[in-house]
Number of protein chains: 2
Amino acid sequence: MDFEPIGVATDLVILTVRSGRLEVLLVRRGIPPYKGRLALPGGFVRPAEDLADAALRELREETGLAGERIHLEQVATYGSPRRDPRGRVVSVAYLALVPDPPSPVAGTDAASAGWHPVADVDPGRLAFDHDRILADAVERARAKLEYSPLATAFCPPEFTISELRAVYEAVWGTALDPRNFHRKVTKTPDFVFPTGETTTRDGGRPAQLFRPGTARALHPPLVR
Amino acid sequence: MDFEPIGVATDLVILTVRSGRLEVLLVRRGIPPYKGRLALPGGFVRPAEDLADAALRELREETGLAGERIHLEQVATYGSPRRDPRGRVVSVAYLALVPDPPSPVAGTDAASAGWHPVADVDPGRLAFDHDRILADAVERARAKLEYSPLATAFCPPEFTISELRAVYEAVWGTALDPRNFHRKVTKTPDFVFPTGETTTRDGGRPAQLFRPGTARALHPPLVR
DNA sequence: GTAATAGTGTCTATGAGACATTATTGA
DNA sequence: TCAATAATGTCTCATAGACACTATTAC
């Protein structure tokens, strides 16, 4: 077979919502190139490893989270010849959404990993082309909230409509009308299912608890 | 740098609309594996070549079309360890939309390349995992017609509203009301711009000619 | 009681779909 | 004349957004 070997890596954009803000997991690089700079977690794909498995492995190494409660999807592949000064590396970027509070960051790179508000990540501060990758992944997440039940991936297994709304407000950066939001979510078929339980953890009148529904797309979509 | 070399290729899903049908360009493989089977055009990325440039090069080799009038976008990357029996190959799939009638298929692989109605491509007939790649790309095209002005990429430089509607009907496989379609398209800001010219090539009363507008997204979206 | 949040009801403007009607060409 | 397609207008129903109002807890 006639081909030039190229390094294939995966980079992860791991997002969560904490205290009303959209945050991303970044690691501080301990070795050149870009030593000392913040970067997305990632690494090379192993010889017999599927791309998604490589992303899941990185996710586990960085957060200690296993796959069940995690939404993981491919975003895009970045392959400019000069994106890595060490040589030709093509990187497949994945987007992961984890509930708040995520398991404490643990694993081999634990010391250098931490959560950063997406709004505080200045352009040009990240290593490689990770600014672009982060921007593309965040835009993907924002767009998918409209027509998919993705927002529940940011929530604990059981959540209130208010908590779900807080996810939308954090990701979109806009305020939503609580009453219209409640009506739209509960009227969208199979978006969320009531558990029958209630909670007062948000204060005020007890709120119904819901679990993620079976819908894979929202009809009609929620609009920004 | 510590990585296992992996072959990186691009595969193209080149779509057009001909005589009211959505068609895809396929090549018949002359060598193993999958000798004699239909496949998407594609090839390995060169050492100093960007991914999109590799896709453009393949497009030019297969269709003789240069880049200006062509819509090209990345769809997804496929990297199952066993997707190519010859060894580990990761393929970045691109979607290309070309106007009808496209330039005659020419180039090195000309003899084996031809247009096939997407509806006639039976599952399991294509080489490698190209069935899946084709399905993903077609679904991407269908979805993007709703909220982007992408359909104009299937049209000649100047087109009528009827011709644009024929694109939607071919890609979506549904009939649309000509009157409501006309109203929605012409009312969507910057979707299409009138040239001031008319044509009678579709028969009947002369129709205004339009060029693609400057909009990058449609507000509101056209719905299927 | 007050404060806070949950949840329901109502009004209105907008937009989508159905479809009538008129306009302009070729044969 | 008729046939064909283009383009505009009208009607109705559904829904999104604004917001009044009631419900249920903690203090």
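Protein chains get the first letters and strands the later ones, always in sequence-line order, with residue 1 at the start of each. Everything numeric here is computed off the predicted structure, so don't read it as measured data.
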query = Which of residues 212-224 of chain A have a heavy atom under 4.0 Å from DNA chain D?
reply = A/Pro220, A/Val223

inquiry  = Report for the helix from C/dG1-D/dC27 to C/dA27-D/dT1: angle between first-end and last-end helix axes, five pairs each, rounded to 10 degrees.
reply    = 0°

inquiry  = Can a side-chain donor-acceptor contact be found between A/Tyr78 and A/Asp136 if the only test is distance below 3.5 angstrom?
reply    = yes

inquiry  = Would you say CZ of B/Arg125 has more than 12 non-hydrogen atoms from neighbouring residues, nucleotides or ligands within 6.0 angstrom?
reply    = no

Phosphate OP1/OP2 of C/dG15 contacted by B/Lys187 side-chain N/O (<4.0 Å) = no

inquiry  = With a 3.5 Å distance limit and no angle check, can you tell me whether B/Thr16 reaches the backbone of B/Val98 through a side-chain donor-acceptor pair?
reply    = yes

ask   = Mind checking which nucleotides bracket the chain B contacts on DNA chain D, 5' to 3', with an atom under 4.0 Å from a heavy atom?
value = D/dA4 to D/dT8

ask   = B/Phe210 and B/Phe193: aromatic ring centres closer than 6.0 Å?
value = no

message = What contact category does A/Asp202 fall into here, base, sugar-phosphate, or nothing, at under 4.0 angstrom with non-hydrogen atoms?
response = sugar-phosphate

Close N or O pairs between protein and nucleotides 8-10 of chain C (under 3.5 Å):
none

note = Which of B/Val121, B/Asp122, B/Val24, B/Leu126 passes side chain to side chain contact (heavy atoms under 4.5 Å, CB included) with B/Leu38? It is B/Leu126

key: B/Val192 side chain reached by B/Phe159 side chain, heavy atoms, under 4.5 Å   = yes

key: Side chains of A/Asp202 and A/Thr160, donor plus acceptor under 3.5 Å   = yes

request  = Check for a donor-acceptor pair, side chain of B/Thr195 on one end and backbone N or O of B/Leu209 on the other, with a separation under 3.5 Å.
outcome  = yes

ask   = Is any side-chain heavy atom of A/Leu22 closer than 4.5 Å to a side-chain heavy atom of A/Val167?
value = no

ask   = Is any NZ, NE, NH1 or NH2 atom of the basic residue among A/Arg201 and A/Glu158 found under 4.0 Å from an Asp or Glu carboxylate oxygen of the other?
value = no

inquiry  = Between A/Phe181 and A/Tyr168, is the ring centroid distance below 6.0 Å?
reply    = yes

task = Could you tell me whether the side chains of A/Ser91 and A/Asp11 share a donor-acceptor contact shorter than 3.5 Å?
result = yes

query = Listed in order of residue number, which residues of residues 147-176 of chain B have a non-hydrogen atom at under 4.0 Å from DNA chain C?
reply = none

key: Exam field: side chain B/Gln74 to backbone A/Thr77, donor-acceptor pair closer than 3.5 Å   = yes

key: Flag side-chain contact, heavy atom, 4.5 Å: B/Arg140 against B/Glu73   = yes

inquiry  = With a sphere of 6.0 Å drawn around CZ of B/Arg132, does it hold more than 12 non-hydrogen atoms of other residues, nucleotides or ligands?
reply    = no

query = Does the side chain of A/Val171 come within less than 4.5 Å of A/Arg142's, by heavy atoms?
reply = yes

Which pairs, protein N/O on one side and nucleotides 23-27 of chain C N/O on the other, fall under 3.5 Å?
{"residue": "C/dA23", "atom": "O4'", "partner": "B/Arg205", "partner atom": "NH1", "Å": "3.3"}
{"residue": "C/dA23", "atom": "N3", "partner": "B/Arg205", "partner atom": "NH1", "Å": "3.2"}
{"residue": "C/dT24", "atom": "O2", "partner": "B/Arg205", "partner atom": "N", "Å": "3.4"}

A/Thr63 (side chain) donor-acceptor with A/Arg60 (main chain) under 3.5 angstrom = no

